[in-house]
Amino acid sequence: MAPTSHLPLFGGVRQVSKAWNPKDWTSSDDRVRGGASHSTLTCSPSSLVAIFHGTLDINALGGAGFASQRTTVERTWDLSGYDGLELVIDHADNKVYTLTLKDEILPKRPDGREQSTLSWEFDFRSEGRKTIFVKWSDFRPTYRGKEKEGVEPLDLKNVKRFGIMVRSFFGEQDGGFELGLVSIAALRTERYTDNPGEIQDEGLEEKIGAYRQRHRGLFGWLAGCLGF
């Protein structure tokens, strides 16, 4: 893959404006409904690796569970001049993680909860060091965890939020998790790689699809509370 343009978004360079900053991220875990999962993004402006880690609990909510971190910074990224996102992973534990994007953030409800909007999701798995290039077409539109059809494309001129999530997939994943990220960057390339982010596990995509159907009620309620 030959990059023609590279835009660091988080990490990857030592300039303070692009470095990992814990103030840019906040947790959005299942504890909003009595769950017990929790996540942290351990990083600093001087760190070269941000570590997304915590515990995924499948007991408190009957097999369901998720933990996530999302950006807090109020800004808009214009990524329309790029072909996708590059994730440089330092280390991982072979769990399935989800990268999310949003192009719309609505005002909060009177009770302080966020209103739900479309999310654009990409599931990936890694063990050890790996670089993943995610084309914009690889992101799936979802609403409250359910995949949507017939929606407008992701507005690449107005990306307003990034997030990283780990889900239980109703018992498929639980316990401690850790993902080390060197950087997230927008990339324009001369050619695409051959499905670098494709999940290779036989039957895993079917499990993910079944999970999305099953969690429509429970996860939909949780996602609504958290604005997914």
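By convention here, the first residue in the shown sequence is residue 1. For the numbers below, each heavy atom of this structure counts, side chains included, while hydrogens, waters and symmetry mates do not.
- We find the CD1-CG distance between Ile184 and Leu87 to be 5.0 Å, quoted to the nearest 0.5 Å.
- In this structure, OG on Ser39 lies 4.0 Å from CD on Gln69, to the nearest 0.5 angstrom.
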Working note: Tyr82 + Ser5, criterion side-chain contact (heavy atoms from CB on, under 4.5 Å); need CA distance, chi angles, decisive distance, verdict. CA-CA 8 Å; Tyr82 300 89; Ser5 183; 3.4 Å; yes
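- Atom CG of Asp24 sits about 11.5 Å away from atom CZ of Phe162, to the nearest 0.5 Å.
- Between Phe139 and Lys135, the shortest heavy-atom distance links the atoms CD1-O, 3.7 Å.
- Of all heavy-atom pairs between Asp57 and Ser37, the closest is N-OG, 2.9 Å.
- The distance from the CD atom of Glu104 to the OG atom of Ser119 is 10.5 Å, given to the nearest 0.5 Å.
- Atom CG in Leu156 sits 8.5 Å away from atom CG in Asp78 (nearest 0.5 Å).
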Let's go through Asn94 and Arg125 carefully: what are the C-alpha distance in whole Å and the side-chain angles of both, what is the deciding distance for side-chain contact (heavy atoms from CB on, under 4.5 Å) to 0.1 Å, and is it a yes or a no? CA-CA 6 Å; Asn94 206 32; Arg125 185 195 293 272; 3.1 Å; yes
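- By the rule that hydrophobic residues join a cluster once side-chain heavy atoms approach within less than 4.5 Å of another member, Phe169 and Ile58 end up as members of separate clusters.
- The minimum heavy-atom distance between Asp30 and Ala64, with the atom names listed, is OD2-O, 4.5 Å.
- Closest heavy-atom contact between Ala50 and Leu41: CB-CD1, 4.2 Å.
- Not a single donor-acceptor pair under 3.5 Å links the side chain of Asp174 to the backbone N or O of Gly171.
- Taking both residues in full, the closest heavy atoms of Val166 and Val96 are given as CG2-O, 3.7 Å, listed atom of the first, atom of the second, then distance.
- Using cut-offs of 30° and 60° for the angle between ring planes, the Phe177 and Phe52 rings count as tilted.
- For the salt bridge (charged side-chain N to carboxylate O under 4.0 Å, His left out) test, residues two or more places apart in sequence or in another chain that qualify with Asp90 are Arg129.
- Residues Phe124 and Leu99 approach most closely at CE2-N, 4.0 Å, considering heavy atoms.
- Of the charged side-chain nitrogens involved, at least one lies within less than 4.0 Å of a carboxylate oxygen, so that Glu121 and Arg167 count as a salt-bridged pair.
- Side chain of Ser68 to main chain of Ser28: a donor-acceptor pair is present (N/O by atom type, distance under 3.5 Å, no hydrogens or angles).
- In this structure, Thr71 OG1 and Trp25 CH2 are separated by 6.0 Å, a value rounded to the nearest 0.5 Å.
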What verdict does the salt bridge (charged side-chain N to carboxylate O under 4.0 Å, His left out) test give for Glu127 and Lys95, after you've listed the backbone C-alpha separation in whole Å, the side-chain angles of each residue and the deciding distance to 0.1 Å? CA-CA 8 Å; Glu127 186 173 19; Lys95 284 184 168 62; over 6 Å; no
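- For Lys160 and Asp103, the salt-bridge test fails: no basic side-chain N is under 4.0 Å from an acidic carboxylate O.
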